[in-house]
Each structure stands twice: as structure tokens, then as C-alpha cells.
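If you read the sequence from its start, that first residue is 1, and numbering goes on from there.
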Amino acid sequence: MMSSFSGSRIEPEGSDHDPKERFQSHSIYSSMGLGESHIRLLELLPGRHQDPIQCTLFPSERPASDPKQISQDQVPPNAAYEALSYVWASDEEDAVIFVNHVPFTISANLYHALDCVRLSDKTRVLWVDAICINQQDIQEKSEQVRMMDQIYSNADTVLIYLGPDADGSSLVMDYLTVDDSELLDDNGVLFTKASVERSRAENKVLQLYVEGQGEFLTNYFTSRGLEEKRVVEAAYAFFCRPWWTRMWVIQEAKLAKRDPVWYCGRRSTTMKRLRERLPVLNNFTLSKKQPAYVPIEEALAAYPRGRGKPYQDLMAWSRGVECILFVVDTEFADLYSKNLSLWLDRCTTRHSTDPRDRIFALVSLLDPSARSLLAPDYSLSAHQIFSLATAYILVEEGSTHVFQLYSFTREHHSRSLSLDFAAPFPEVVATEFFSEYESAYWYTGPLHLRMADGKLNLLGIDFDSIREASNIDEGSSNFQSLKTIRMRQRMLGKYERFLVRPRVTPPERILRALLLAPSYEHEGAINNDATAPQGLDEDYLKMLQTMAPSSNELPGAIHFSCEMLKSVAVHIGDFVDGARCEHLQQKHESSSRSYKSYLRTVVAAMDQGFISAAAFELPELKSFINRFNINDTEPIPNRMSDTTTMTADIVYSQLKAAAELCYSIVMTHVESVTCSRAADIDETGHQLATAYAKAKALLGGIMASCTCGGSEREAHRIELEARYHAVSQEELMFEHVVKFLRQRKEAEYFSFEELAVDRQSKALFVTEAYFVGISFQRDPGFEEGDKVVLMDGFRAPMVLREVDGGGKFRIMGTAYLAGLSDVDFESLISDDVLQVEEFEII
């Protein structure tokens, strides 16, 4: 049954999986083969800090006739050893040690670990995976990984290396190593004891933050001259260390036959103290770093390209610490023993270099049938391993819980029901979204899974189909993603009148945050109507409203607006420089028309519709400009208008350069995740003020020095006063535009928030029945006509695609539909409005 579920065999993916394999295979391995159930051990020779690291590698059962491979201490064949638990990855350059007198390249973090645990006066025998396993020998690697549970459980001690002494870690280690007598409360009781007892009573490892404990910790650190903020930041950095979220450390910590010794830098602490004190420090830090209320949009947000949100960092390390403490306390860990789906629930925020290790790292914690089926084998691809794990969870455990936590595979060689355990959903998806369906009609019933003759069939309700969908692919750039998000808003606007609105759940904030276009109001933001500048003519007020930034500013839009305004400063200077008393109505007329034409360009270009068209819909830009009726929406006051008709072609030619500039600036800001700078706005204001001061001075000088007589002088005076007034109005108008830009700059930051949130929702769609749905499936590829099916026993609705019209379906992903829980499915089925059908899944 299992084999019929898994995909067909494909070739191993080789060294792409593991960066360890980039290191050359040494001759030490070829002369040191391993017998069945044998391992290699590493003898770490004594030395002082910063001395070159010298080691001897030997097999656990070595021939007595080969003494050259060991030190003079003659470690016995079945030597006692300690197993090292550490994080492979490091931001530093790789380092070199000497193994059997041969240079051997290792990661910088492993180098620091060996340097810290090395003794100065005697050797230390270790098992270290990166050295004791030939990482380039796939067969050996698979065999040794299968023995990992025995290796760690047979080790005398497990040494856990959290990383070097850095970022205030000494403050944390002081707390973790101080004598118990320093941590007694007023009753003479260890203040952490109540925390541990409450945890056990509530069947939790990390209980809710207890006010008294926080006060005690604050007083404890204050009495040692430490500011609370400094301690919190040090603890935060300590908990954010990669070890806490590494996959393999779960079994490494759990399988130790004695309590592990924990190292941070060269200092160490015991498991007992860590178990008692770390939960309190964790909760103390959480209470200081985490706001009391976290909006759903912040909980989902994660800046693209690895720019993590603080809240997600908090969630990751909190879950990481919780899981480790859970693992090392057998009273709690036994509850999860041998249950793969629950372990995978605990590990959504954990990481592994090789995706296959997301399963292999848990195998030793499971029952014999799982260990046999999922035995580490690096000749298999990640997709094959994930397919087997999915089959085990469905068939042996009968659980569907993980289907609301992970994406489905996109590997065509695997059955589409297989999960991709390297693609977890954001942490809050299950709790904030799919939890709505906890009591749903289709979920409360049993799982109906039938497998026969290589076919897999599920029962479900063919509920609806997709009318229109918008997808964000995993490889989409920031700019492509933001463009898709803007198109989503347009799509939702098209169906606004018809969309199903939830009556009960979800929380309205979810719908507002993710399904409808979010809005942003910065504190102290200007209300354009309420703050209309005094003395601004109606014509200029209309222009000001056209140029005022929107409440949801495109990243870089303010930068683009600044560039347009700076160009105005240059043009007003050129225009006024050409003004002469005797030329007001002759030679200066063409200059006037040129300047006013450019001013039209600026006003049109700073319109939010133009910016959006230029940034995201460049092919549609000409049609947008053609719809801009010069006569109906004359941006220049009548008293300044000239007799030349401005055609759409002329406007287009003037705006084309502005559009290209807008596209370039916005794309640069979006891709680099940078907002417009306040310095650009300040510089723009300064240039405008300087240019308009000069312009008014020149016009005033012309009026004062006019030598014309009679009616001609009066005509010049009227014309000059009109121009002086127009320049003053422009200056006042642009002063307020600059003011708007300053106060709206923070809205660009919100656009990145919007990008972060909506990028997490990989697909947004509208169904034929006008339900709005979102999916967190990686690379969803949803299309018009895909079915929305409610499978028996699965909490999350599924999107299926019929293949070749043959009654066979591929699962495209799970989805959340707003308002679905308001539907009375039991009545609809009993009335034959909806039917339960069987779907063959391929």
C-alpha cells in the first residue's frame, strides 16, 4: 500500500543537497573503511585557545596492527566518547584543522566549537558528524545517519555548542550558571521552581508569563547593575542563535543518556539549570519584546529575500526553545513519542541544510515501522522521502493535521497528495485561518481514503470552482509580486458588489488585512480637505489635490515626485529669466507656452493613477494619457492659459520620459526594499524655495524698472502682477505638496508591509459563487475552472485540477474561503443541492 502511494524512482540529486560535500574527500577515509555498525571517532588533542587544532581520526574497531593512525595515548578500540551537537552553517570563512596530520577543511562554527571544548591538559574523544562521516560517500552517509540515535544514546555525554561568546551572551550565561542560593525568593524557594511545577500541572513546557517571575528577574539583574533593556537584548540574541531552530538537535538532545552539557563560548552549564531557568528567561524576554496585540498582517509578514519581521523572529525562537525544552523533559516528550505528524507540527519553524533531513532528523523518535519505511537513504530525492512520510501519516497515523501546515509537492513524479515538508505555511495560518473549520461538516467526519490497484481515491464535496485567480510564484521578484498585488486589488474591486461577506467568522480583520485592499493612516497625517492652505485659488487647489500622495504610497513614488518637483525648480528659473518688460507679449510667449506645457506634465505625472500606470502597466500608459482630456481637466489656471491647443500626442511625448523615470525609480526601491529618503524631500523643498524666491525677485524687479508709458505701462503692470500672483500661487501649492510628501513618507513603509503580507498569500481567487479565497501553497498556479473541494476528514478546503478530462485530479493546494463556515452543508447535501463524490488523485 505504501509503495503504491509514493512516486516513481528518480535519480539522486547528489551534491546539490548538502554544502558539506563541497569539501574534498580525504585519503584518511579510503584507508579507514567502516565495518557494519562501526563508527569513526575523533581524538581532539590538547591545546590552548588559538593553537592549531590537531586531531586523530580512528574507527571504533581498528586493527591493532595499525598504530600510526592513533596517538601515543593508545585509545582502546571501543573508546568512550562524547557526541558534539552544533550548527554547521556559518557566515565566516571555512577554517582548516589537521586530522591525522593532514589539512582538513571545516566550517568556522565547528572550528570554534572544537576550540571551545578542547582541553589544555588531555585528549578528548568526540564524535563529530562533519569529520567522522565521509560526506561524499552517499552509501556511508546513509548508513551512519541511520545509526545517529545509537551514536548519541551511546555517547557518554552530548556536548551542545550554541555558538561563540557574543552579543551579550555572558549575561545570559551568568544567569544560567549562578548558584541556586542567588535565586531564592522571599520564602527561600528557588523562584523558578513554581514555573516548572506550573508547567507540569498544565502539561506545557512554556507556560504563560507569570508577573512575579518577571519582577524577580528585573530585580535580580538590577541588583547586579544591569539595565533591563540590555538584558532583554542579550537574551533575545541568545535565543535567536541558529542552534535553537536546527532540525537535527531535537534527537541529539533527546537521545542523550545523560543530561547534555551546554556550551556558549568557553562557558558551560548543566541541563538541570537550563531546564529550570530558561523557560522563565524565555517568557521574560517574550513579554518585553512582543506587543500585547499583534495584528494578523504583522503576524503573517516576512520581508522577502530573508528580511525577517521581528514578530516572526520571536515566533521562531520561542517555538525553537519550547521544542527543545519539551524534548529533554521525558514527561512531556512521551506524549509526542512516535507521532510523526505532531513532531512535524512542532518543527514548522526549524531548519535543515538538506530538505530530506526534515524527515530523517525525526526518524529515530518514531516507532519501528516508521523507522523502517523512512530509514535515511540519501540516494532518494527529497520528494520521494516526503511522499513516503505523507503516506505514513495518512495510512499508519490516520491524521490529516499536517495538511493545514505545509504545501503540497510540485514534483510531477510524486502523487499530488504528497506534502512538501520544506515549505511550511506561515506560523499563524492554522490558528487564524483553518481553525475556523474545526467544527465544519466535512472535517468532523472520518477520513475516507481508498487505495487499490495503484489508485488513490478521496471522498469530498464538489463545492465550487474558480472564476478568476491571481498567483505569486516563489521565484517572483519583489516588483513582480507588488504588481500582482495591485492587480489583485483591481480584481476584487471588479467583483466588490457580489462578494460573499462572512457573517460569523473569520475575524473581520483577516478579511480586511488580506482579502480587501488594506489602507494605511499614519499618525498626524494631513487631511487634504481640512487643511486647504489659505490664499490658494480654486484652480491651484485642484492641482494640489491631484498631486497629493495617496494613503498607500508605492515605494519610491515620493522619490519620483521629488525628482519632478526639482525639475519644476529648474524650469521656473528658465521661464522667468526670459521675461523682459518689452518682450512680455512677443518673444516670451513661446517660453511661456513651453513652461506651462511642462507644468501640465508635472501635475499629470504626480497623479496617482499615472504613477500606477507608469510603474506597473507601462503598455497601457498611452491609453491612460489619451483619456486625459486637456480641455476638461486643464491643470493650468485660465489666466495663464495660452491659445495653443495641447494635443494628446504632445502630452504623451512630454509624459513618456516621466513615465520611464517613474518605472525605474519605483522598481529600484521595490527590489532593494528601500523607502524614499527624507533628505530627498528636504532638498526638494530647498530647491523650490530658492527658485521661486529668485523668480518673484526678477518679476518684481521688472515691474519696478518698467519705463513704458501710458496704456502700455498699465497693460504691462497688469500682466506682471498676474504672473507674480501665478508664481506665488505655484510656490504656495508646491510648499504644501512638499509638506504632504513629508507626512506621507511612512506610507511607503506600509507598502512593504502589504508586499510582505500578500506575498505570503501565494494565491487569491474569486469563485463562481463569489467566495473570496486565499492560499499559502507554494507556486499555486490556480486557474479558472479549478475545483474547490471539501474533502472528508481534511480541515482545509482543497483546489483540484482535472487532468485531460479523464476524471482524474491533481491537488493544486489548500485554500481558505472567507464565509465558508456560514454555509449549512448538511442541509445542502440532504436536499441534494450538493453531493459527496469520489475523486481519484494522481
Side-chain angles (χ1 to χ4, degrees), residues 400 403-404 408 416-417 433-450 455-470 491-492 494-508 510-511 514-516 761 763-777 780 782-842:
T400 62
F403 287 84
Q404 62 182 339
F408 287 99
S416 62
L417 188 60
F433 290 85
F434 295 139
S435 60
E436 176 188 340
Y437 306 137
E438 181 66 35
S439 302
Y441 174 78
W442 67 88
Y443 179 58
T444 53
L447 169 67
H448 291 97
L449 182 148
R450 185 168 62 86
K455 297 180 180 179
L456 185 150
N457 292 71
L458 296 173
L459 285 182
I461 305 169
D462 185 356
F463 170 66
D464 204 349
S465 61
I466 293 179
R467 176 187 293 267
E468 186 173 348
S470 173
M491 180 182 77
L492 290 174
K494 182 168 62 174
Y495 301 114
E496 176 72 20
R497 292 187 301 116
F498 309 103
L499 295 181
V500 173
R501 304 288 175 161
R503 296 192 303 272
V504 184
T505 52
E508 185 61 28
I510 295 180
L511 190 69
L514 290 174
L515 306 185
L516 302 179
S761 52
L764 185 143
F765 58 90
V766 176
T767 71
E768 291 293 341
Y770 295 107
F771 283 87
V772 176
I774 55 174
S775 177
F776 300 90
Q777 166 71 41
F782 292 176
E783 296 177 357
E784 177 185 354
D786 287 347
K787 291 180 177 293
V788 179
V789 178
L790 312 175
M791 292 295 186
D792 286 3
F794 289 84
R795 179 182 294 181
M798 293 185 185
V799 176
L800 305 185
R801 178 171 300 161
E802 190 169 11
V803 179
D804 299 328
K808 299 179 181 180
F809 297 87
R810 287 195 67 83
I811 299 176
M812 303 305 296
T814 53
Y816 167 83
L817 278 72
L820 193 62
S821 58
D822 298 333
V823 179
D824 185 355
F825 284 97
E826 187 171 6
S827 296
L828 292 175
I829 291 175
S830 63
D831 294 339
D832 290 330
V833 177
L834 296 174
Q835 289 80 37
V836 176
E837 304 175 19
E838 191 169 68
F839 296 87
E840 182 182 345
I841 305 300
I842 63 171

For the ring pair Phe771 and Phe765, is the centre-to-centre distance below 6.0 Å? no

Check whether the ring centres of Phe825 and Tyr441 lie less than 6.0 Å apart, and answer yes or no. no

Close side-chain approach of [X] and [Y], heavy atoms under 4.5 Å:
X	Y	answer
Val772	Tyr495	no
Leu449	Leu458	yes
Val799	Gln777	no
Phe463	Pro797	no

Rounded to the nearest 0.5 Å, what's the gap from [atom1] on [X] to [atom2] on [Y]? Could you check?
X	Y	atom1	atom2	answer
Thr400	Met791	OG1	CE	12.0 Å
Leu790	Leu820	CG	CG	5.5 Å
Ile774	Tyr816	CD1	OH	7.0 Å
Leu817	Thr767	CG	OG1	6.5 Å
Phe809	Asn457	CZ	CG	11.0 Å
Leu499	Leu492	CG	CG	6.5 Å

Heavy atoms only: give me the nearest [X]-[Y] pair and the separation to one decimal.
X	Y	value
Ile811	Ser416	N-OG, 2.9 Å
Ile461	Val836	CG1-CG2, 4.2 Å
Val803	Ile842	CG2-CD1, 3.7 Å

With a cut-off of 6.0 Å (strictly less than), are more than 12 heavy atoms of other residues, nucleotides or ligands near CD of Glu784? no

Taking everything shown except Glu826 itself, do over 12 heavy atoms lie less than 6.0 Å from its CD? no

For side-chain contact (heavy atoms from CB on, under 4.5 Å), just list the numbers for Trp442 and Phe794, CA-CA rounded to whole Å, side-chain angles, deciding distance to a tenth of an Å, and then say yes or no. CA-CA 7 Å; Trp442 67 88; Phe794 289 84; 5.6 Å; no

Would the distance check show the side chain of [X] and the main-chain N or O of [Y] forming a donor-acceptor pair, the cut-off being under 3.5 Å?
X	Y	result
Glu838	Leu459	no
Ser775	Ala815	no
Glu840	Gly807	no

Show your working on side-chain contact (heavy atoms from CB on, under 4.5 Å) between Phe498 and Val766 and close with a plain yes or no. CA-CA 10 Å; Phe498 309 103; Val766 176; over 6 Å; no

Can you find a side-chain donor-acceptor pair between Gln404 and Tyr437 that sits under 3.5 Å? no

N-O pairing of Glu783 and Arg801 below 4.0 Å: yes

